[in-house]
Protein chains: 4
Amino acid sequence: MSGINKVILVGHLGKDPEVRHLDGGVTVASFPLATSETYNKEGKRIEQTEWHNIVLWRGLAEVASKYLQKGKLVYIEGKLRTRSFEDKERVKKYVTEVVAENFTLLGRKSDFENTPVAAATPKHENDYVEPEDNATGDLPF
Amino acid sequence: MSGINKVILVGHLGKDPEVRHLDGGVTVASFPLATSETYNKEGKRIEQTEWHNIVLWRGLAEVASKYLQKGKLVYIEGKLRTRSFEDKERVKKYVTEVVAENFTLLGRKSDFENTPVAAATPKHENDYVEPEDNATGDLPF
Amino acid sequence: MSGINKVILVGHLGKDPEVRHLDGGVTVASFPLATSETYNKEGKRIEQTEWHNIVLWRGLAEVASKYLQKGKLVYIEGKLRTRSFEDKERVKKYVTEVVAENFTLLGRKSDFENTPVAAATPKHENDYVEPEDNATGDLPF
Amino acid sequence: MSGINKVILVGHLGKDPEVRHLDGGVTVASFPLATSETYNKEGKRIEQTEWHNIVLWRGLAEVASKYLQKGKLVYIEGKLRTRSFEDKERVKKYVTEVVAENFTLLGRKSDFENTPVAAATPKHENDYVEPEDNATGDLPF
DNA sequence: TTTT
DNA sequence: TTTT
């Protein structure tokens with residue numbers, strides 16, 4: 001039976017997206033994302049940061065490589081995937097990644113000056129009058 | 001700036017979906033969904049039910065009309081939309097609906113015997129080997 | 001059976017929170033929140049804004065009244081609740097609200113200058129060494 | 001600045017919860033959870049299963065150990081945490097877990113016959129008349 | 001009634 | 001490795 005596997009993150013990019021083009025022309029982008037949580041312990045303010053490996057595919061990777069940069073605040077929606085790989089010493093290792101299905105840049109107007117708009121994969125199949133889906137794909141402008 | 005407007009529900013359909021075909025061939029389906037919360041008040045178990053107006057468009061409406069029925073347990077993801085309309089006495093009224101962007105039937109295998117599969121609008125642009133997106137649209141089988 | 005009723009919003013406050021103290025000392029705060037979606041229609045960038053009625057109770061209302069103001073960007077998590085009331089002409093009306101269960105201020109450092117920190121109802125029951133829950137309640141600093 | 005780190009899963013337990021009592025009396029429970037996704041590839045129905053490591057602390061661990069069993073369908077809400085540990089050969093390894101903050105048993109009424117109710121950490125600070133929070137903690141019945 |  |  002089908003299940004649900006959903007991740008919602010708001011955090012800052014630790015690095016610029018790294019873009020690769022696979023055989024067959026598929027684009028993949030990835031970057032680390034930090035989500036910080038601040039809490040109080042015995043009167044002291046403590047910050048705990050969690051790092052996430054974000055992976056984006058195809059059109060979403062292209063949009064990300066254009067509009068996301070180190071330090072930006074971004075909302076990311078995606079799913080968890082754990083995959084195995086062999087390291088240099090041929091030891092089998094596991095890594096858990098967040099495969100993004102959607103993202104939106106957050107932040108101030110000034111943050112957008114060189115990056116006109118940021119919502120990726122917009123969905124608005126919900127207007128009574130709109131005769132067909134937005135055909136422009138991932139670029140929302 | 002872009003924002004986020006997301007609703008996640010798990011509940012039972014109060015009625016079969018009601019399907020309409022608008023001018024221009026657009027399909028819309030709608031149904032009430034109940035989400036129940038059980039809690040304890042002064043030692044007594046209390047159940048509180050919230051009713052939601054679910055609306056689905058186009059392909060998602062078609063899939064819903066085939067696979068969702070009164071009583072089924074379903075996961076729904078969508079967004080809030082409040083719209084105004086005039087009632088019979090021409091009084092302006094407002095209603096808040098959940099416009100579904102995705103749904104998945106939950107429940108037992110036996111529940112699926114006449115409805116092979118239930119995940120709508122699957123997204124899996126995340127396999128290294130998969131050369132192109134699933135082209136079958138909303139029908140996941 | 002239990003269900004799920006969850007709303008996740010990122011948007012800007014349309015007004016300062018309005019705070020009321022009910023009989024019995026319970027505090028309630030409420031404000032309108034705008035979530036904007038930008039999309040492309042026939043080459044033109046279109047913005048669609050949805051307004052949500054946010055309601056907060058007790059400790060969360062107190063924190064909100066201190067740290068949230070008109071214009072601020074905030075992440076809100078809560079649940080949908082539709083309630084009925086009688087208007088001035090004693091006509092029964094319905095309104096759907098988002099009852100907040102959690103919120104986090106988003107935005108730049110400069111936004112926080114007069115509002116030290118913003119995460120409400122922090123949860124971090126997840127450290128191996130931490131012997132008991134944070135006892136300071138809603139104030140995260 | 002604060003961020004958001006949220007995971008939402010619906011899936012089946014791969015094993016019964018494993019419960020441990022740490023020094024200091026803290027209870028921890030953990031189990032693997034499978035989320036399956038069914039999609040169509042070249043006309044063939046393909047099921048892809050993702051496994052998640054779920055960890056629960058304190059009261060939530062106690063409730064989980066009572067009501068969750070291998071095979072049960074459960075909704076889980078929590079956050080991602082990657083931690084390092086040393087394996088038997090003293091090699092440093094990393095594992096990503098979902099630290100549950102909330103869970104709800106899903107499924108048929110018959111599934112609950114020996115486990116009356118399943119919503120953990122209920123929140124309903126939202127009734128106008130309710131003078132104080134549910135004081136019974138994690139046990140919702 | 002917010003924001004970009 | 002981000003941010004406040």
Side-chain angles (χ1 to χ4, degrees), chain A residues 9-18 30-40 44-54 67-76 98 103-119 122 140-141, chain B residues 1-5 82 94, chain C residues 9-18 30-40 44-54 67-76 98 103-119 122 140-141, chain D residues 1-5 82 94:
Chain A
L9 305 172
V10 176
H12 293 90
L13 280 80
K15 294 183 185 172
D16 285 348
E18 190 180 307
S30 60
F31 56 82
L33 187 86
T35 57
S36 299
E37 187 179 7
T38 308
Y39 64 94
N40 181 23
K44 284 169 63 182
R45 186 176 157 184
I46 299 194
E47 180 173 288
Q48 193 174 323
T49 296
E50 189 69 35
W51 287 97
H52 311 271
N53 304 305
I54 312 295
Y67 299 109
L68 299 186
Q69 293 129 38
K70 178 177 174 172
K72 293 287 185 194
L73 181 66
V74 68
Y75 167 95
I76 290 179
V98 174
F103 73 83
T104 299
L105 251 179
L106 302 173
R108 286 246 183 130
K109 190 173 187 175
S110 57
D111 290 343
F112 296 88
E113 269 155 19
N114 296 314
T115 56
V117 148
F141 46 84
Chain B
M1 205 213 55
S2 278
I4 301 301
N5 174 359
T82 299
Y94 294 87
Chain C
L9 304 173
V10 176
H12 293 90
L13 279 81
K15 294 183 185 172
D16 285 349
E18 191 180 306
S30 60
F31 55 82
L33 186 86
T35 57
S36 299
E37 187 179 7
T38 309
Y39 64 95
N40 182 21
K44 284 168 65 181
R45 186 176 157 186
I46 298 195
E47 180 173 291
Q48 194 174 323
T49 296
E50 189 70 34
W51 287 95
H52 311 271
N53 304 307
I54 312 295
Y67 299 110
L68 299 186
Q69 293 128 39
K70 178 175 174 173
K72 293 287 184 195
L73 182 65
V74 67
Y75 167 94
I76 290 178
V98 174
F103 73 84
T104 299
L105 251 178
L106 302 173
R108 288 248 183 126
K109 190 172 187 176
S110 57
D111 289 344
F112 296 89
E113 269 157 16
N114 295 315
T115 57
V117 147
F141 46 82
Chain D
M1 204 213 55
S2 278
I4 302 299
N5 173 0
T82 300
Y94 294 87

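Keep in mind that what you see is a predicted model, and the values were worked out from it rather than measured. Lettering follows sequence order; numbering is per chain, from 1.
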What is the distance from [atom1] of [X] to [atom2] of [N], rounded to the nearest Å?
X: C:Phe103; N: E:dT2; atom1: CZ; atom2: P; answer: 20 Å
X: C:Leu106; N: F:dT3; atom1: CG; atom2: P; answer: 15 Å
X: C:Ile76; N: E:dT3; atom1: CD1; atom2: P; answer: 15 Å
X: C:Trp51; N: E:dT1; atom1: CH2; atom2: C1'; answer: 4 Å
X: A:Tyr39; N: F:dT3; atom1: OH; atom2: P; answer: 21 Å
X: C:Arg45; N: E:dT3; atom1: CZ; atom2: P; answer: 15 Å
X: C:Glu50; N: E:dT4; atom1: CD; atom2: C1'; answer: 18 Å
X: C:Gln69; N: E:dT2; atom1: CD; atom2: P; answer: 15 Å

Ignoring the backbone of [X], work out which of [options] is nearest its side chain.
X: A:Thr49; options: E:dT3, F:dT2, E:dT1; value: F:dT2
X: A:Lys15; options: E:dT3, F:dT1, E:dT1; value: F:dT1
X: A:His12; options: F:dT4, F:dT3, E:dT2; value: F:dT3

So how far is it from [X] [atom1] to [Y] [atom2], rounded to the nearest 0.5 Å?
X: A:Asn53; Y: A:Phe31; atom1: CG; atom2: CZ; result: 10.5 Å
X: C:Lys15; Y: C:Leu13; atom1: NZ; atom2: CG; result: 11.5 Å
X: C:Leu73; Y: A:Leu106; atom1: CG; atom2: CG; result: 6.0 Å

Practice task
Measure distances between side-chain N and O atoms of A:Ser36 and base N and O atoms of F:dT4, and say whether any donor-acceptor pair falls under 3.5 Å.
Solution key: no
Practice task
For A:Gly11, answer base if it contacts any base atom (sugar-phosphate contacts may also be present), sugar-phosphate if it contacts only those atoms, and nothing otherwise; contact means non-hydrogen atoms under 4.0 Å.
Solution key: nothing
Fill in the blank from the handout: Those residues at least two apart in sequence (or on a different chain) that pass side-chain hydrogen bond (donor to acceptor under 3.5 Å, both in side chains) with A:Ser30 are none
